Structure formats: C-alpha cells, structure tokens
Amino acid sequence: MADYSNLHPLSAPADDAGAAPAESRKSRHFIQQIIDEDLNSGRVKGDIVVRFPPEPNGYPHIGHAKAIVLNFSLAAEYGGRCHLRFDDTNPETEDMEYVRAMKRDIHWLGFDWGDNEYYASDYFEQLYEMAKRLIEKDLAYVDSQTGEEIRATRGTVTTSGTNSPYRDRPIDESLDLLRRMREGEFDDGAHVLRAKIDMASTNMLMRDPVLYRIKKASHYRRGDEWPIYPLYDFAHPLSDAIEGITHSLCTLEFDVHRPLYDWLVEHLFEVPRPHQYESARLNLDYTVMSKRKLLTLVKDGRVQGWDDPRMPTLSGMRRRGYPASAVRRFCELIGVAKADNRVDVALLEYAVRDDLNTKAPRVMCVLDPIKVVLTNFEDGKVEKLEADYWPHDIGHEGSRSVPLTREIWIERSDFMEDPPKKFHRLSPGAEVRLRHAYIIRCDEVIKDAAGEISELRCSIDFDSRSGGGSSRRVKGTIHWVSVTEGVEVDVRLYDRLFSVANPDDVQEGQTFIDQLNPESLREIKAIIEPAAASEEPETWYQFERQGYFYLDPVAFEEGKRVWNRTVTLRDSWGRKQESVEAPKPKKAPKPAQEVPAEPVDPMEGLDSEEHSMAIELQTLYALTPEDAAFLATRDDERVFFKEAAATGDQPVAVANWLIHELRPLLSDEQMETPPVKPGHFSDLVALHSDKTLSSRMAREVLEEMITSGDAPNDIVERKGMRQISDEDALLGFVDEVLAAFPDRVAAYKDGKKGLIGFFMGQVMQKTGGSANPQVVRGLLQQKLD
RNA sequence: UGCCCUAUAGCUCAAUUGGCAGAGCGCCGGAUUCUGGUUCCGGAGGUUCUAGGUUCGACUCCUAGUAGGGCAACCA
C-alpha cells in the first residue's frame, strides 16, 4: 500500500504562519494593518489577544471556519493568543452537544486554543457586579415596563423614542430590584435592567438597551443557579475586557453595536481595553449559510443530517472528503474585507483539488460500465500488471498489482459509435490505451435487441504493454476494471445543493427550499479495482479521470463501504463539448446603456435663504456655484471664509483651500473654533499663489499650523522651505532620475504614459518635495516625448 | 423616511496612504503528459458605481447623486 499516512485529517496546521519578515508579506488586509498600527503606535503593548466567540446553538459551518482561521492565524502571525469563548448567555438555545461539535471542528481545522477555553456563563458573577456598578454610577436602571411597552416606546428608525417612566427611579430602588431579580423573586418579563443612554439616539442600539432579563430557564452549564441572564450587548464587550482581548473581530451587522460596546467598556474598565472591528461574513455560491435554514434542511429531511456531505457544515465537508488543509487554504484565499460578497464555489473546489492532488493515490474505478471483450486474450487467464499509485510529476513512491482479464469494464462515455472531431477515446476501428496495460483496437460493436450497445469486441496489441519499452503512442488513455476481479462498490455522486447561485434570492411565494437541486445526490453502483476494494475510513483516492473520492466514515460504521465523490477533476473536454451543444450566449446584451447623468445644479437642494446667500457669495467673491453652495449651507465654514477672504485679495483661492484642504483635516468640533487663524490661513494661500510654496509644501505647512497654531511665514522661515521653480536647477534632478531608470524610460516611450507619475514621484522625493511640479512635469515631457 | 457600512477585471481581494491600476480563482490558447488531470508558457478581460470639482497628477481628497447591505428580540 502506498504511504499516504499524511492524509490523517488531524494533520498539523500550516506552520508558515510564524512571524514572517515584513518584506515577504505581500498584501495586508485591513485588520492586519490596524494591528500593525496599534503595535507601532504602542496602543497595544505586549501580545495581541483575539478570540473566537461562538454561541453553542448549532453546528459550525464554513462561515465559522472563516472566522476561526482569521482569529487563530492572526494570533499565530503576531505571536499572540486566540481564546475560544462560548457566548452562552441564552439558556434556551444552547447545548453541550454544540460545544463538543465546535471544539471538535476547530481541532479538525488544525487550531488549538490551549488553556484559553472560556465561557461567558463563567462570568455571570462578575457581570452581575458590573451591572450593579453601572446602576451606582447612574448609568443603568431597572425598568418595570412590559416587553411590549419597551418596544413601543423605543421609537422607529425615523422617530425618536420616549423615556421610560422608571428611568429616573432612585439608584437604591434599582439596586434593590436588581438584587431581588437575582434572588428569583420575580417572574419572567417583570423587570429588565436597562442602560441609561439616549432614547433619541439615531442609533437604535443606544436607546437604553436592555442589559439583563429575567429568564427562569435551566442553563446547560449553570443549571438553575441564575434566574437572570445578561444579553449579548452587555456580556460580549465585558467578557472581551475581562479576558484582556485587544482586538475583537466580528461580522458587519455588529457595526451598529460598536458605540454600545465602547460605552460599556469605557465606563467599566481602564485604558488598555478591547476594540471591535467588523468584517464581512462569507457567502458561498449554491448554498445557504444561515443556521435557521440549515436547520430547516435537516429537520425537513432535505438532507440526511448536519453532516450530510452536501451541507456547508464543517462536519459535512469533512465527511464529503474536504481536507482541513484545503478548507484552511480556502479561507485564506477569500481574504478579509468589508464588502458584501458571494464567493464562487470554483475557488473552494480549486483549493480541494490542489490539496488532494499531492495526497490522493490514483486507482481505477468504472462508474458507468460497458463491457469490453478482449478477443485475443486467453479466457480464464489473469495477467498481473504493476501500476504506480502516483503519476510521475507527483513523485511519490508506491504501486499495486492490477489484474487484466479477457472481459473488462470501461466507462460508457469512453466509447462513441459516431465520434466528434478530436474525440481521443474508443470508437469503431479506433485505438486507445488501457491505462497501465495495452493498446486496444475496437473491432466490433455488439448491440442487444433494443439497439443498445451491450458489448465491445476489441483486440490487444501485445507489443504495447505499459513500461514494456514500446514506442507506440495513441492519443487516448482510458481507465478500466476486470469483470471477474473487480469489486462492486457504492458510490455517491454529489452536486451542488441548490440549482441557483443565490438560494436566498427568491421570487414571491417561493422559499429557498424551492431552489434545491433535485439531483444533488446520485447513488450508483460502480466497479473498483481489487487493490482499493477493502479500504478503511479516512482514505482518499483519485479515481483516475473521474475525481477525488473519500470513503464515507458514517456508512462504514454501519458496515458499508461507500465512496463519496469529494470533487470532480477539472474537465476541459466535457466543458468544451458543453459549449458546443449550448454555445455561450453572445456577449451579455449591454446593460441598457445608463443615461449619463446630467450635471446637477449645485444650487438645487438649497432653500431660499441658502440660495440667496449663495448668490451673494458668488457676486461678492466671484466664487463658483459649487463653492458658494458649499459655504451657503455651512455656517462655521462661511464665517471662517469671510474673515480669511477679508485679509487677502484672493477669495477664490481661499475658498478652494478651505473646502478642499483645511476642512477635511478638521473635525466638526474643531471647525467651530478653528485652530488656524483666518488671517494666517489667508497668508498661507498667498504663499502658495506667489509660488513660494508648492501645493504639497503648503499642505505640509497647513498641517503644522493646525498643530502649532503658528503663522505660516514663521513655519516657512523655520523650515527653510522654498519651492524650486528654476528650470536649470531642476534639470539635474530630472536627468538623474531618467538615468537611474532606463527600463522605465523605454517603457514610457513604448506608450506606458502613466509612468510620468512614477518619474514625478522620484523627482519630488529627491528634492524633498520642494520642486515645482509644474516645471518638473514640463521638463520630463520635454525629455521624454 | 433617519442613522451606519459598502462599491476596483466574471468572482474574491491588492494598490507603498495623492505618483506604473495588480494578484489568485475562472475563461481562452499553446507546450509537456500513459489521467482531456497535473505542471509550464502565453492571452483576453478595467468608464476603479455616476456626474461635477480640487490638484502638475485622483482608485485615493471635496460636493451631489446612484446601487447593494445592516439597524426598531427581554436572540447572538
């Protein structure tokens, strides 16, 4: 037997995650960039700590894998830790079974949380103390309204809510009520603990969110100890803080929770405190990811369980035969970002094939057999042929013996009576090589009464034996199995679960169930070569020319050997045939040429008062309508502008610099009392206009002005800034740069005009930003064109 | 209707933070191959959502839009 012990599913995780030298790390996703920044700036001292925080209420799926890989890889990359924390604050949905499944699947993926296994339910005591502290600080209160009342007074997205009548209840009273809630004195729903924030907030989450509810339910870990349970919004940030998490990563829909997260942590913890960052969850073509929908599939018997190989659950994928390393690889390939996405399954399949290519030994198995009689092969004889388990390019050792007999099976699709062009397989009179054996020629086609082909009669060229030194070559090689020596096996051919890419996108009156692919599972009998007939579970094979297959461990438990098709091989022939039969729809009929937007009138949205103000600004200062409209609608900016414009004689330039340069550097609060004096600002604009400063230099001075409050002339003086506009002085730099990059000069002359930006950048760098870019550009163009 | 997030190649993501628009997958072609697999080489594919503006220079900054997603559980 070939050595493929490295196939064990608990194989070690990729160890290439260790601290790689910075220059070898190509592109960094935004979370890595944040962490880099935090480490550099010293916001985070010591190791980074992240966490994977599932609620144990269902089976983990590929979406969880994305989060698991993200968090654990980050911890490994930065030499920090990743905690596994179960967010088990809702006793009604949670179960130990799911905890076990989660832990098993994380381990399967190859990650280890070591001692860092935590449960929010272990923090109940601490969280309760924090709730009390919040009340004491007058930041929370016990509300005795009903659920309906709370909901009704929360307001809507467009109207603000109203305060609860209990909002100003004395602190002692809330404290007492909370204590009695904890004692179990009240029934479910009688009271809740609410944060005292702002019922008028535009963020619904901040409208006095509920922190604790009474729920006399038995918790799978704490039993009946607690009649009250904290909600996610309370438990999660505080659990993060308790554990010293530095970076708390979650999915996009939690972004509106972040202000509450910050509010709680800031009121209850000291500075080194966790920060939450959100990234998009994974969507995958042709499947669904929501727990509810997955549960429906299981409950309604649409699939055979959580671990059905068509399911996107990790247990399903494992049973299907997706190696953990491939799943991990896939999670790395998809990246991390904030845009909603739907990933092409082709990427998953690529990761699986690429992984299995070097891991799965090759054997022969005929899925849809048709009989071939080798007419010149002695009846009853069994010729043992030695066959390598691996193709040459893989380079692994190992072979097995394959028996050849007079009657063999070949794949029905490998014969065509009337073949199309470039069909390299069997047809009447044509030759093909039997893999690991001989070249045969098809002499005769036998049909049954119904006209169906029942048997092919072929003759062997005995000089063409594989490895026998024959130089004969034929175009096609096909797989085969001996009729008498082959073994019948069960094979399950899986296809995508849904017939549309996005099953969530349904027409009226339909549900995702209506999108199920009725042919997602085909169970067939196949014939496998004897060497592979008695395998044990957790075995992968490539059935040559068919795909990768995995011996189903569940069926094996039940005493059956069933091969799951993990994934097909790439099939460029099949693809080509398909496109012949159904030619691609000619170029998508151009998406109804969008009407180019008309330039909008910048004055359009203004009310009459703003409008007349804008007119006034235009006539008084000769501003563009855009700039006038901008200033007309903003009081702080307009005041600043008028003052600055008054001290100089270039209102248009002042407006430009204010709107495009100064304003973006300032927060709204800063704009109210600008850190830059209008007169100074006007001076700066003048310095730019008279070409003392380049735009770049002026921007630099402006930033300095904001931080120091100094006059621009002082800064310029101090730094000795002065724009170089003299052609002769700049020519030297230009020549130097062009001489340093002859290949790029050639590329430019070849038409890659964008390189002008590169040359500009180089010259600007060499001159410390003091060159007059207009002059430089002119010089460059003169030299290059 | 309010607030928040997002928009770059068919898909998923980059772009040294204002200076050459790239990668992987997918697709097409060629070479190699006893798997129509693998590997190697090459190619096509871009209105950087739109329109204006600032700038020597805009995927990046400003303005106004458009489209998609999220938020009104005592779920997480």
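Given the structure is predicted, the values throughout are model-derived calculations rather than measurements. Letters go in sequence order (proteins before strands), and every chain restarts at 1.
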Under 4.0 angstrom, heavy atoms only, what part of the nucleic acid is [X] near: base, sugar-phosphate, or nothing?
X         : result
Pro602(A) : nothing
Lys752(A) : base
Gln33(A)  : base
Leu347(A) : sugar-phosphate
Thr89(A)  : sugar-phosphate
Glu626(A) : sugar-phosphate
Val775(A) : nothing
Gly467(A) : base
Arg699(A) : base
Arg342(A) : sugar-phosphate
Arg473(A) : sugar-phosphate
Arg433(A) : base
His392(A) : nothing
Gln542(A) : base

Which whole-number value in Å describes the distance from [X] [atom1] to [N] [atom2]?
X         : N      : atom1 : atom2 : result
Leu631(A) : G53(B) : CG    : C1'   : 14 Å
Lys338(A) : U8(B)  : NZ    : P     : 15 Å
His479(A) : G36(B) : NE2   : C1'   : 13 Å
Arg575(A) : G10(B) : CZ    : C1'   : 14 Å
Phe234(A) : A76(B) : CZ    : C1'   : 16 Å
His219(A) : A76(B) : NE2   : C1'   : 13 Å
Arg281(A) : U12(B) : CZ    : P     : 16 Å
Leu260(A) : C3(B)  : CG    : C1'   : 16 Å

Going by purine N1 to pyrimidine N3 plus the second Watson-Crick contact, or the G-U wobble pair, all under 3.5 Å, which nucleotide sits opposite [N]?
N      : answer
C11(B) : G24(B)
C40(B) : G30(B)
G52(B) : C62(B)
C71(B) : G2(B)

Are any of [X]'s side-chain N or O atoms less than 4.0 Å away from OP1 or OP2 of [N]?
X         : N      : result
Arg435(A) : G37(B) : no
Asn57(A)  : A76(B) : no
Arg744(A) : C20(B) : no
Ser572(A) : G37(B) : yes
Thr158(A) : C3(B)  : no
Arg353(A) : U38(B) : no

Counting only side-chain heavy atoms from C-beta out, which of [options] sits nearest to [X]?
X         : options                : answer
His424(A) : G36(B), U35(B), U38(B) : G36(B)
Met760(A) : G26(B), G36(B), G19(B) : G19(B)
Asn357(A) : G36(B), G37(B), U63(B) : G37(B)
Thr477(A) : C25(B), U12(B), U35(B) : U35(B)

Taking the [atom1] atom of each, how far is [N] from [M], in whole Å?
N      : M      : atom1 : value
U32(B) : U17(B) : P     : 46 Å
A31(B) : A21(B) : P     : 34 Å
A64(B) : U54(B) : C1'   : 15 Å
G68(B) : U33(B) : C1'   : 47 Å

Pairing donors with acceptors under 3.5 angstrom, does anything connect the side chains of Lys291(A) and Asn57(A)?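 The answer is yes; a qualifying pair exists.
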Just verifying a value: how many Å separate Met764(A) CE and Met760(A) CE, rounded to the nearest 0.5 Å? 6.0 Å
Nearest-0.5 Å distance, CG of residue Asp208(A) to CG of residue Asp143(A): 8.0 Å
For Glu411(A) and Gln546(A), what are the C-alpha separation, side-chain angles and deciding distance, and is it a side-chain contact (heavy atoms from CB on, under 4.5 Å)? CA-CA 10 Å; Glu411(A) 210 68 57; Gln546(A) 296 286 359; 2.8 Å; yes
Mapping Phe423(A) and Val343(A) onto RNA chain B by nearest heavy atom, which one lands closer to the 5' end?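 Its nearest nucleotide lies further toward 5', so the answer is Val343(A).
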By nearest nucleotide on RNA chain B, pick out whichever of Ser464(A) and His660(A) is the more 5' one. Ser464(A)
Kindly assign one of parallel, tilted or perpendicular to the pair [X] and [Y], based on the angle between their ring planes and the thresholds 30° and 60°.
X         : Y         : answer
Trp390(A) : His396(A) : perpendicular
His219(A) : Tyr229(A) : parallel
His424(A) : Trp573(A) : parallel

Chi-based syn or anti call at A73(B), which uses purine or pyrimidine torsion atoms and a 90° bound: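 A73(B): syn glycosidic orientation.
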Decide, for U17(B), between syn and anti: a glycosidic angle within 90° of 0 counts as syn, anything else as anti. syn
Taking the six-membered ring for Trp, are Tyr261(A) and Tyr232(A) closer than 6.0 Å centroid to centroid?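 No, the ring centres sit 6.0 Å or more apart.
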Under 6.0 Å between the ring centres of Tyr548(A) and Tyr541(A)?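 Centroid distance Tyr548(A)-Tyr541(A): not below 6.0 Å, so no.
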Under 3.5 Å, is there any donor-acceptor pair linking the side chain of Arg425(A) to the base of G36(B)? yes
Tell me if the side-chain of Asp414(A) makes a donor-acceptor pair with the base of G36(B), cut-off 3.5 Å, by modelled atom types.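 Between G36(B) and Asp414(A), which were checked side chain against base, a qualifying N/O pair under 3.5 Å is absent.
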Salt bridge (charged side-chain N to carboxylate O under 4.0 Å, His left out) assessment of Asp188(A) paired with Arg213(A): CA-CA 8 Å; Asp188(A) 287 14; Arg213(A) 79 283 216 185; over 6 Å; no
For Tyr232(A) and A76(B), are the ring centres under 5.5 Å apart with planes inclined under 30°?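 No, the aromatic ring of Tyr232(A) does not stack with the base.
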Is Arg362(A) close enough and on-axis enough to Phe543(A), meaning under 6.0 Å and within 45°, for cation-pi? no
Can a cation-pi geometry be assigned to Arg634(A) and Phe630(A), taking NZ or CZ under 6.0 Å from the six-membered ring centre and within 45° of the ring axis?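 Geometry flag: set, cation within 6.0 Å and 45°.
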What does nucleotides 67-74 of chain B look like as a protein-contact string, B for base, S for sugar-phosphate only, - for none, at under 4.0 angstrom between heavy atoms? --SBBBSB
